[in-house]
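Data first, discussion second: the structure below is written as C-alpha cells.
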Amino acid sequence: MPRFAPAATNSPMVEALLPWFAGAARDLPWRPNSEASVTPWAVLVSEIMLQQTPVNRVLPVFREWIARWPTPGGLAAATPGDAVRAWGRLGYPRRAIRLHAAAAAITSRHNGDVPSDYALLRALPGVGDYTAAAVASFAFRQRHAVLDTNVRRVLSRAVSGTATHGRGSVSAAERRIALEFLPEDAERAATVSVALMELGALVCQARAPSCATCPLAASCAWRRADYPVSELPARPAQTYVGTDRQARGAILAVLRSRTDAVQRRELRLGWADVAQFNRALDGLALDRLIEPVDGDLFQLPS
DNA sequence: TAAACGTGGCG
DNA sequence: TCGCCAAGTTT
C-alpha cells in the first residue's frame, strides 16, 4: 500500500474535511497557527485544562498559566498550592494537582522535556488515553486515534450512522473506525484529528448539528439514514447543588482567597450539614488538594 | 464498570 | 427555570 494513500473508504470525507478546517479553524493559542510559539508543554497544559471544560473558560487561565510557567521545570518549582490557586474556578481542581505532579515527573524523568512517546505521556499523572494521543498528535505530529467526545460523536454519526457514541470507554470498534479514517501520513493524520475535533465543536454539535454547513453532509451516514435518534437512555442527572462536590468547591474557594491557613471552624461557617462538611474536608485532604496544619488549621498544599 | 470529580453557559 | 453539556481520568 502506498504510504501516502489515504484510507480509500473515507477518502472523500477527508478530502472535504481538510479544506473546511483550513477555512474555519479557530486561532487558538495552543495551535501551531497561533502567533506565539507553541511548545509541547503548552499543548499538554491546554489538553489538561480542556478536559470537560469549554474553550472560552480555558483561554484566560491558559494564557496566565503559560506566561507564569512557560516550562515544566517552572511549574515543578512552584508549590502544588500555587497551581491550585492559579487554576482558579476552572473546575475539577485535582487536574491542577496532577498537572503539577506531571511537571515534576517531566523534570525528573525526562530532563524537563515533555516526552513525545505515547506510552511515556500516558504514564504521566492526569494523562489518560485521550490526552496522550492528543499531545503526541498535535505537538509531535504523530498518527494516533484521538478519541475525545467530539471525534466520537462525529465518527459515530458520519461513519456509523448512529446518533450517539457509547457513554463509557472507547470500544474496539470505535478505535478501528478512527484509525481507518486517518490518512497514513502522520502529519496529515494529526491535522485530520484536530479537524474532526473542530468539526464536532463548531458544526456537528451534540444538541444542534448544523448539517447545512457541514462539509461531510454529502457522505454522512447519519444524514443518509434520516437522523435516527439515540437508543441510549438519557444520562443520569448531573446534580450539583447540595452535593459533596459543591461542599468541596466552597471550601477550596475560601482557601484560594487566603494566603494563610484557615481554621476548620471558619471553613464550616454557613454549612448546615456538618457530616457533609467533614466528608468534603477529609476528601480534599486525601486528594492532597488541601493540607492540614497543626490539626485544626487548613491551607493549600505547600 | 460505575461513580466520583467543578463550574458555568446556554436553549 | 433547569436540565444538558463541555478537548476525561482515576479508582
Side-chain angles (χ1 to χ4, degrees), chain A residues 25-26 28-31 42-62 84 87-99 101-102 121-139 144-155 163-171 174 178 190 193-202 204-210 230 232-256 276 279-280 282-284 286-290:
Chain A
R26 293 167 291 179
L28 301 171
W30 44 83
R31 292 204 175 144
V43 173
L44 175 59
V45 169
S46 75
E47 291 301 338
I48 300 283
M49 289 184 173
L50 286 162
Q51 291 168 4
Q52 302 285 285
T53 310
V55 165
N56 284 336
R57 196 147 10 120
V58 166
L59 282 171
V61 183
F62 171 84
V84 171
W87 199 256
R89 304 186 65 79
L90 260 194
Y92 292 139
R94 45 180 168 205
R95 289 183 294 168
I97 294 291
R98 290 179 181 148
L99 183 51
L121 287 164
R122 181 67 184 77
L124 296 172
V127 176
D129 168 67
Y130 161 75
T131 302
V135 173
S137 289
F138 305 152
H144 293 275
V146 182
L147 288 162
D148 78 321
T149 189
N150 286 305
V151 175
R152 292 178 74 183
R153 184 177 58 252
V154 169
L155 293 180
T164 55
H165 58 75
R167 196 175 296 126
S169 51
V170 173
S171 70
E174 279 184 284
S193 289
V194 71
L196 283 172
M197 291 176 67
E198 193 76 337
L199 187 70
L202 299 181
C204 192
Q205 296 170 322
R207 274 188 282 187
S210 311
S230 171
L232 291 170
R235 80 173 57 183
Q238 191 177 9
T239 55
Y240 180 63
V241 174
T243 61
D244 287 10
R245 272 155 104 152
Q246 187 190 27
R248 290 165 57 108
I251 292 169
L252 221 44
V254 172
L255 289 177
R256 274 199 310 266
Q276 180 177 62
R279 272 199 311 278
D282 292 346
L284 287 170
L286 214 54
D287 291 342
R288 301 303 181 114
L289 278 162
I290 66 174

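Not measured: the values here are computed from a predicted model. Below, chains carry the letters A, B, ... as their sequence lines are ordered, and counting in each starts from 1. The analysis underlying the following values was restricted to heavy atoms, covering all of them including side chains, and did not include hydrogens, waters or symmetry mates.
Between A/Arg248 and B/dG6 there is a side-chain polar atom (N or O) within less than 4.0 angstrom of OP1 or OP2. Within the 4.0 Å cut-off from OP1 or OP2 of C/dA6, at least one side-chain nitrogen or oxygen of A/Arg153 is found.
Using P as the reference atom, C/dA7 and B/dA4 are 23 Å apart when rounded to the nearest Å. Nucleotides C/dC4 and B/dG6 place their C1' atoms 16 Å apart, quoted to the nearest Å. Between the P atoms of C/dT9 and B/dG8, the separation comes to 23 Å (whole Å).
Under the salt bridge (charged side-chain N to carboxylate O under 4.0 Å, His left out) criterion, A/Arg26 pairs with A/Glu198, not counting sequence neighbours. For A/Arg153, the side chain to side chain donor-acceptor pair (under 3.5 Å) partners are A/Asn150, not counting sequence neighbours. Considering only residues two or more places apart in sequence or on other chains, A/Arg248 meets the salt bridge (charged side-chain N to carboxylate O under 4.0 Å, His left out) condition with A/Asp287. When the side chain to side chain donor-acceptor pair (under 3.5 Å) test is applied to A/Gln276, the partners found at least two apart in sequence or on another chain are A/Asp244, A/Trp271. Not a single salt bridge (charged side-chain N to carboxylate O under 4.0 Å, His left out) links A/Arg122 to another residue, sequence neighbours left out.
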Quick one: which protein N/O atoms are closer than 3.5 Å to N/O atoms of nucleotides 9-11 of chain C? Pair and distance per line, please.
unit_1	atom_1	unit_2	atom_2	d
C/dT9	OP1	A/Gly128	N	2.8
C/dT9	OP1	A/Gly128	O	3.3
C/dT9	OP1	A/Thr131	N	3.0
C/dT9	OP1	A/Thr131	OG1	2.8
C/dT9	OP2	A/Tyr130	N	3.4
C/dT10	OP1	A/Gly126	N	2.9

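For A/Arg89, the side-chain atoms get nearest to B/dT7 when compared with the rest of B/dC5, B/dT7, C/dA7. The side chain of A/Arg31 approaches C/dA7 more closely than any other nucleotide in the set C/dC5, B/dG6, C/dA7.
Rounded to a whole Å, the CD atom of A/Glu198 is 14 Å from the C1' atom of C/dA6. Taking atom CH2 of A/Trp30 as the reference point, atom C1' of C/dA7 lies 9 Å away to the nearest angstrom. Rounded to an integer number of Å, the gap from CG of A/Asp282 to P of B/dA4 is 17 Å. The separation between A/Leu121 atom CG and C/dA7 atom P is 21 Å, rounded to whole Å. For the pair A/Leu50 CG and B/dG8 P, the computed distance is 17 Å after rounding to whole Å. Here the P atom of nucleotide B/dA4 and the CD atom of A/Gln276 are 13 Å apart, to the nearest Å. Per the geometry, CD belonging to A/Gln205 stands 12 Å off P belonging to C/dC5, to the nearest Å. Atom P of nucleotide C/dC5 and atom CZ of A/Arg57 are separated by 16 Å, given to the nearest angstrom.
Checking A/Gln51 against A/Thr131 by side-chain atom types alone, a donor-acceptor pair falls below 3.5 Å. Between the side chains of A/Arg245 and A/Tyr92, at least one donor N or O sits under 3.5 Å from an acceptor N or O.
Both A/Pro54 and A/Asp244 lie close to DNA chain B; mapped to their nearest nucleotides by heavy-atom distance, the more 5′-ward contact belongs to A/Asp244.
Across all strands, A/Leu90 comes closer than 4.0 Å to base atoms (heavy-atom distances). Within 4.0 Å of A/Ala206, counting heavy atoms only, lie sugar-phosphate atoms of the nucleic acid but no base atom.
You'll find a donor-acceptor pair under 3.5 Å spanning the side chain of A/Thr53 and the base of B/dG6, going by distance alone.
Looking at A/Ser137, its side chain never comes within 3.5 Å of a backbone N or O of A/Ala134 through a donor-acceptor pair.
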